Protein chains: 2
Amino acid sequence: MSPYDPSAFPPFAVTVDLVVLTVRRHSLCALAVRRGEAPFQGRWALPGGFVRADEDLAMAAARELEEETGLSAHDPGTPAPDPGNGAHLEQLATYGDPKRDPRMRVVSVAHLALAPDLPAPKAGGDAHSARWAPVETFLEPEDEETGALAFDHAQILADGVERARSKIEYSSLATAFCPPEFTVGELRRVYEAVWGVALDPRNFHRKVTGTPGFLVPTGGTTTRQGGRPAQLFRAGGATLLNPPMLRPEV
Amino acid sequence: MSPYDPSAFPPFAVTVDLVVLTVRRHSLCALAVRRGEAPFQGRWALPGGFVRADEDLAMAAARELEEETGLSAHDPGTPAPDPGNGAHLEQLATYGDPKRDPRMRVVSVAHLALAPDLPAPKAGGDAHSARWAPVETFLEPEDEETGALAFDHAQILADGVERARSKIEYSSLATAFCPPEFTVGELRRVYEAVWGVALDPRNFHRKVTGTPGFLVPTGGTTTRQGGRPAQLFRAGGATLLNPPMLRPEV
DNA sequence: TCAAAAGTGTTAATAGTACACCCATGA
DNA sequence: TCATGGGTGTACTATTAACACTTTTGA
């Protein structure tokens, strides 16, 4: 066989699908859009679309993210250039089962985006309906109507959630769910929402403030959570946490 | 825009490329094949090929692996069904820069395979030349002739090596580099080769034998490494190590 | 008898856990 | 004044790192 014969190859469509996660009201939420056409018409799905002919995969994902949410994306490597409305974006995995789309052979390169809770709902470039809902709504749907994502999107979402849950253990990625300036308590509530556990506020405080490069104080304080004023922090330069945050068992 | 219009989409070729790693003579080695045709004719490249029209991505990767090495693949989830010549195989990442192949738009879904040192060299289904070489040969090539992989394969290899290096920290994946039965010392030399560090044999022994489910003794012993006879072990059922192996700094 | 690798014991330093306790604000 | 989170101190435990020491083989 000739492994690189350019003349004879089966044609594929390539799409990007997005797992967009945020933390709202103490729970981890994902963005879903309602499908306007067959197949799976009327069902909820992950946002996504075709990769264009001249476009890199990361570019396509960033474009789709911007179209759906108004968020600009920044690469994992570089710190947020636009802290106001930037989101973390990284490639997740690729899904290529021959039967995953009933119409044709589609390979989808899924991406994972993590965003702070958006003050503006969704900047709808398109007029289609979209919503944030707790990930359990889609992963353990009680009702086909409100849950049960189209295609293999439930699997993609599950993989994205798992990636987020494990990656905040050993990286500073949890700050991607926070506004540009945030308190230690707000960061702790992100961990609690993503992991679905309760953490000791005292030990958490010592841990994150004691990890060099994780948080840098801005000098300001806030009382937006009530109680004693809390120091405000920005995300520091460190991306890898050593030692990691420990996710409680059970 | 219509995100799922099946009639108008740019056609892509989809390939799988393989980062196949093994440990030989105390160093981490990768499999490369020599390209017989343009572009990059005569240069070394990662093994790979087109995904067929009716084939899943994992199937395509397993097929290419078998064609190149004679190794059967087993999924990360399931324990090796054929401990004799099975390899660990998992998806790595997808590379889709529009210019990564000068001929046409090719999206490559890279996979990572980890195999024990093969007694038989390579079962060449094809007659093309192939070789194992230390990963540094390709990642820091002193000479274009012997190193310098084709396309973006140096980046793919670097990503695969990084994945392997980090994953043996918190999983039992290092056993994929070992024969079906192995000693603690052999497992330690795998860690040392992959990380490029020296580990304390005494603490390593306590650590791996004390982690439940990591290793199960077979009852046999061997003196194939010289010195006092060492117990033989098989890989246990555990896939996640908690607490993880710690990679020394620097 | 010696070298080489396997394996055990011990100890000091480090890091995590569980809580008692105080602080600064708004209502 | 009280409730609410923010933040510090401290004792206890678990894990790691360093290394002395014994065991069992082949040469």
Side-chain angles (χ1 to χ4, degrees), chain A residues 25-26 168-170 178-179 181-193 195 197-234 238 240-250, chain B residues 25-26 168-170 178 181-193 195 197-233 238 240-250:
Chain A
R25 285 176 281 105
H26 264 234
I168 65 173
E169 285 191 68
Y170 58 89
C178 294
E181 297 200 350
F182 54 88
T183 69
V184 171
E186 289 165 348
L187 182 63
R188 174 171 49 81
R189 281 180 279 275
V190 164
Y191 275 92
E192 291 178 332
W195 285 344
V197 297
L199 299 175
D200 186 301
R202 287 107 20 134
N203 292 335
F204 183 87
H205 186 280
R206 225 193 321 269
K207 174 89 179 185
V208 296
T209 56
T211 300
F214 192 6
L215 301 181
V216 293
T218 65
T221 61
T222 182
T223 58
R224 62 187 174 220
Q225 300 291 342
R228 168 176 167 180
Q231 285 186 79
L232 285 169
F233 294 87
R234 285 184 297 101
L240 264 354
L241 302 185
N242 198 310
M245 296 293 306
L246 289 189
R247 168 158 41 162
E249 311 280 320
V250 182
Chain B
R25 285 178 281 104
H26 263 236
I168 66 174
E169 283 190 68
Y170 58 88
C178 294
E181 297 200 350
F182 54 89
T183 69
V184 172
E186 289 165 348
L187 182 63
R188 175 171 49 81
R189 281 181 278 276
V190 164
Y191 275 92
E192 292 179 330
W195 284 344
V197 298
L199 299 175
D200 186 301
R202 289 122 356 152
N203 291 334
F204 184 88
H205 187 280
R206 224 193 321 270
K207 175 88 179 184
V208 297
T209 55
T211 300
F214 191 6
L215 301 182
V216 293
T218 64
T221 60
T222 181
T223 58
R224 63 188 172 218
Q225 300 292 342
R228 169 177 166 179
Q231 285 185 78
L232 285 168
F233 294 88
L240 263 355
L241 302 185
N242 199 314
M245 295 295 306
L246 289 189
R247 168 156 44 162
E249 311 279 318
V250 181

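Just so you know, these numbers come straight off a predicted model, no measurement behind them. Just so we're on the same page: letters track the sequence lines, and every chain starts at 1.
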Participant: Starting from C1' on C/dA6, measure out to CZ on B/Phe233 and report it in whole angstrom.
Facilitator: 11 Å

Participant: Nearest 0.5 Å, please: how far is CG in A/Leu187 from NE2 in A/His205?
Facilitator: 10.5 Å

Participant: How far apart are the closest heavy atoms of A/Pro212 and A/Ala238, and which atoms are they?
Facilitator: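 Residues A/Pro212 and A/Ala238, closest heavy atoms: O-CB, 3.9 Å.
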
Participant: How many angstroms lie between atom CG of B/Leu241 and atom NZ of B/Lys207, to the nearest 0.5 angstrom?
Facilitator: 8.0 Å

Participant: With a cut-off of less than 4.0 Å, is there a side-chain N or O of A/Arg189 near OP1 or OP2 of D/dG6?
Facilitator: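 Yes.
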
Participant: To the nearest Å, give me how far apart CG (B/Leu232) and C1' (C/dA6) are.
Facilitator: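 Distance check: B/Leu232 CG to C/dA6 C1' gives 13 Å.
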
Participant: Measure the distance from CG on A/Asn242 to P on D/dT16 and round it to the nearest whole Å.
Facilitator: 13 Å

Participant: What nucleotide, of D/dG7, C/dT25, C/dG7, holds the atom closest to the side chain of A/Pro229?
Facilitator: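 Between D/dG7, C/dT25, C/dG7, the one nearest the side chain of A/Pro229 would be C/dT25.
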
Participant: Check step by step if side chain to side chain contact (heavy atoms under 4.5 Å, CB included) holds for A/Asp200 and A/Arg206.
Facilitator: CA-CA 10 Å; A/Asp200 186 301; A/Arg206 225 193 321 269; over 6 Å; no

Participant: So, taking the atom named OG1 in A/Thr209 and the one named CZ in A/Phe233, what distance separates them when rounded to the nearest 0.5 Å?
Facilitator: 6.5 Å

Participant: In whole angstroms, how far is the C1' atom of C/dA18 from the CG atom of A/Leu246?
Facilitator: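 Computing the A/Leu246:CG to C/dA18:C1' distance gives 15 Å.
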
Participant: If you round to the nearest 0.5 Å, how far is CD of B/Gln225 from CZ of B/Arg228?
Facilitator: 15.5 Å

Participant: Whole angstrom is fine here: how far is it from CZ in A/Arg247 over to P in C/dT17?
Facilitator: 14 Å

Participant: Which parts of residues 198-220 of chain B get close to DNA chain C, meaning a heavy atom less than 4.0 angstrom away?
Facilitator: B/Arg202, B/His205, B/Arg206

Participant: Categorize A/Arg188 for me: base, sugar-phosphate, or nothing, with a 4.0 angstrom heavy-atom threshold over every strand shown.
Facilitator: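 The residue A/Arg188 makes sugar-phosphate contact but no base contact.
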
Participant: What is the distance, to the nearest angstrom, from the CD atom on A/Glu186 to the P atom on D/dT4?
Facilitator: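 Between P of D/dT4 and CD of A/Glu186: 18 Å.
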
Participant: Heavy atoms from C-beta onward define the side chain here; which of C/dA6, C/dC23, D/dT25 lies closest to that of A/Arg228?
Facilitator: C/dC23

